[in-house]
Amino acid sequence: MKRKLVVGNWKMNGDLVRNQALLEQLVRHELAAVERAVCVPFPYLAQAQAALAGTPVALGAQNLCEFDDGAFTGEVSARMLREFGCRYVIVGHSERRSLFGEDDAMVARKTAKALAAGLIPIVCVGESLAEREAGQVEAVLQRQLDALRTELTPAALAELVIAYEPVWAIGTGRAASPEQVQAVLAFIRAWLGEHGGAVRILYGGSVKPDTARELFSLPDADGGLIGGASLVAGQFIEICEAGASASHSA
Ligand code: PEP
């Protein structure tokens, strides 16, 4: 059995009371056949670290600074994330790329920093709708992936998790079709085979309980990155269950 990985991305949502209820429900639900993680906003890392301690649900963050420490007001370093028990960090989410000006080179530098600190980066890649309609999906993915090679050795590349998140599917309720997803995952798998090695590849973009099982069972899918549905305990648990059953048939 190859265990799937299901990661929740809370984005900028939550409060102390709701987080506690959500985290308690997640850890109460035992699911050995799937790896689970939640990536929470920075101010809630301590709360989530305490709630997840000693449980199989791992902790992650949603971003990190490309520098180690110093005069970078408002930034959070990889070392700080490690201090709060983070195992994962999302890097280069499309919202960071489009709203906060993160380019491929910065994403690569952040990825290297995360790895150097012992974090597992979940590097997000994916095309916009305009790029898909212009037939540029592979070119965009190739550019985003090639940028990682400027900062990472093949051995380092093999440590990553890659999340394929088509921008047009994020938060829109319109998940990519299984055929569209598999085609891109296979492209990423081939690129990794050439340059890095075996890496877990996730799909993200409007995954819901009713679509998760099919998406996670695709030949090149190792799990999913879940936004909106990770904020609703029942939905996230159902998606994790879909991951567990896809693990059994992998
Ligand atoms: C995301 O933000 O990474 C994501 C996949 O969001 P959603 O599931 O809401 O589309």
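Values below: all heavy atoms of this structure, side chains included; hydrogens, waters and symmetry mates excluded. Remember, it's 1-based here, ligands and their atoms both numbered in the order they're listed.
Using a 4.5 Å cut-off between side-chain heavy atoms of Ile, Leu, Val, Met, Phe, Trp and Tyr, Leu5 falls into a hydrophobic cluster with Val7, Tyr88, Ile90, Ile120, Ile122, Val161, Leu202, Leu225.
The OG atom of Ser206 sits 9.5 Å away from atom CD of Glu165, with the distance rounded to the nearest 0.5 Å.
Sorted by chain and number, the heavy-atom contacts of ligand 1 below 4.0 Å come from Asn9, Lys11, His93, Glu165, Ala169, Ile170, Gly171, Gly204, Gly205, Ser206, Leu225, Ile226, Gly227, Gly228.
Of all heavy-atom pairs spanning Ala176 and Ala169, the tightest one is N-CB, 4.1 Å. A pairwise comparison of heavy atoms in Ala78 and Lys113 identifies CB-O, 3.8 Å as the closest pair.
Distance alone, capped at 3.5 Å, is enough to place a donor-acceptor pair between the Lys110 side chain and the Leu64 backbone.
Around the CD atom of Glu214, the shell of radius 6.0 Å holds no more than 12 heavy atoms that belong to other residues, nucleotides or ligands.
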